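Please read the structure below before turning to the comments.
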2 protein chains.
Amino acid sequence: MTAPLDPDMFDPLCPSSAMPFRVGDKWTGMVIRCLESGPRRFTELRVPLRAVTPKVLSETLRAMERDGLLTRTAYDENPPRVEYALTPLGRTLIPLLDAARAWSETHLPHLLAARRSHERDAS
Amino acid sequence: MTAPLDPDMFDPLCPSSAMPFRVGDKWTGMVIRCLESGPRRFTELRVPLRAVTPKVLSETLRAMERDGLLTRTAYDENPPRVEYALTPLGRTLIPLLDAARAWSETHLPHLLAARRSHERDAS
DNA sequence: AGCCCCGGTTACTTCAACGGTATCGGCGCT
DNA sequence: AGCGCCGATACCGTTGAAGTAACCGGGGCT
């Protein structure tokens, strides 16, 4: 068992939504970050990703499974238990996420400043 | 003047549309690649990006200008001339595009293979 | 009986991105 | 006069991702 996920891992105030790049669908990158440290259950993923409705999360997970980025393992227990785990292929995306994060830390403020100054022009 | 752009720089058969990441809007990454070697005119950009309608291209360019990724310079000549050039900020995205391309060359075939095998399951 | 848990699904709606076609203004060329 | 060039813009339609809200089944607990 790995440590619990921080509910504020993806602060709504985090400007990641303004990042000029994306891995897969809107939430794919965050799912990878959540699974980086080990397999997680559906409900466990919903904690840091509480902004994502179950429908969208399950769509995202099924798309990632289809693309071989993660595996879905259902255990025939009660209550039901399903675990999602990154595949080696999924893990190859982690360096890209790291690069994206590093870019954001360095350059995103410039981009946002440019955007704001254009908003001022328009007003 | 830089060398003319290859009309097949973005082959429609190129699986870039299946890439699991994106920089900005759909065409932002390709615009950066087009401007990497120097400023380009609107019509010049339309050659390799002939799959993009002028409307969408101009939207993309204006969004990038707003975000400080490129500059738009209009010369008061006849016929009109407008040049787009990457800013230093825009150039900082090039290493990310390189990383994305390297990932695709190495791993995209695996992803596409996984996707195809799932299609087989569904059929 | 009634409620909770887990891991979703279903139906409906909203919204922005994307795309297609047509058109514009100013000038020069023939 | 008519056409073409350049760099767009206007109008409209399509698409697909995302969001909202409600619900499901099977078992266990009280």
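Reminder, nothing fancy here: chain letters follow the sequence lines and each chain counts from 1. Quick caveat: nothing in here was measured; it's all calculated off a predicted structure.
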Just N and O in the side chain of R41(B): are any of them under 4.0 Å from OP1 or OP2 of dG7(D)? yes
Please report the C-alpha distance between R33(A) and D98(A) in whole Å, then the side-chain angles of each, then the deciding distance to 0.1 Å, and finally whether the salt bridge (charged side-chain N to carboxylate O under 4.0 Å, His left out) criterion is met. CA-CA 10 Å; R33(A) 287 295 186 199; D98(A) 289 340; 2.8 Å; yes
Would you say dA8(D) has OP1 or OP2 under 4.0 Å from some side-chain N or O of R72(B)? yes
Grab the CD-P distance between E77(B) and dA8(D) for me, whole Å please. 14 Å
Ionic contact status for E83(B) with R81(B), cut-off 4.0 Å: yes
To the nearest angstrom, how far is L45(A) atom CG from dG7(C) atom C1'? 12 Å
Whole-Å distance between dA8(D) P and K55(B) NZ? 15 Å
For T43(B), answer base if it contacts any base atom (sugar-phosphate contacts may also be present), sugar-phosphate if it contacts only those atoms, and nothing otherwise; contact means non-hydrogen atoms under 4.0 Å. sugar-phosphate
Are the side chain of D6(B) and the backbone N or O of D8(B) linked by a donor-acceptor pair below 3.5 Å? yes
Could you tell me the separation between the CD atom of E83(A) and the P atom of dG8(C), rounded to a whole number of Å? 12 Å
From CZ of R22(A) over to C1' of dA17(D), roughly how many Å is that when rounded to an integer? 8 Å
T87(A) and R91(A): side-chain donor and acceptor closer than 3.5 Å? no
For F42(B) and dG7(D), give me the distance from atom CZ to atom P, rounded to whole Å. 8 Å
Please work out if R62(B) contacts a base, only the sugar-phosphate, or nothing of the nucleic acid, heavy-atom cut-off 4.0 Å. sugar-phosphate
Atom pair distance, as rounded to whole Å: CD in E59(B) and P in dG7(D): 18 Å
Take atom CG of D76(A) and atom C1' of dG7(C), then tell me their distance rounded to the nearest Å. 13 Å
Closer to the 5' end of DNA chain D via nearest nucleotide, is it P80(B) or V52(A)? P80(B)
Using a heavy-atom cut-off of under 4.0 Å over every strand shown, decide if K26(A) touches base, sugar-phosphate, or nothing. sugar-phosphate
With a non-hydrogen cut-off below 4.0 angstrom, is Y75(B) in contact with a base, only sugar-phosphate, or nothing? nothing
Side chain of W27(A) only, please: which of dC18(C), dG26(C), dG19(D) is the nearest? dG19(D)
Residue pair P54(A) / R46(A): nearest heavy atoms and the distance that separates them: CD-NH2, 3.2 Å
Would you say T53(B) places a side-chain N or O within less than 4.0 Å of OP1 or OP2 belonging to dT21(C)? no
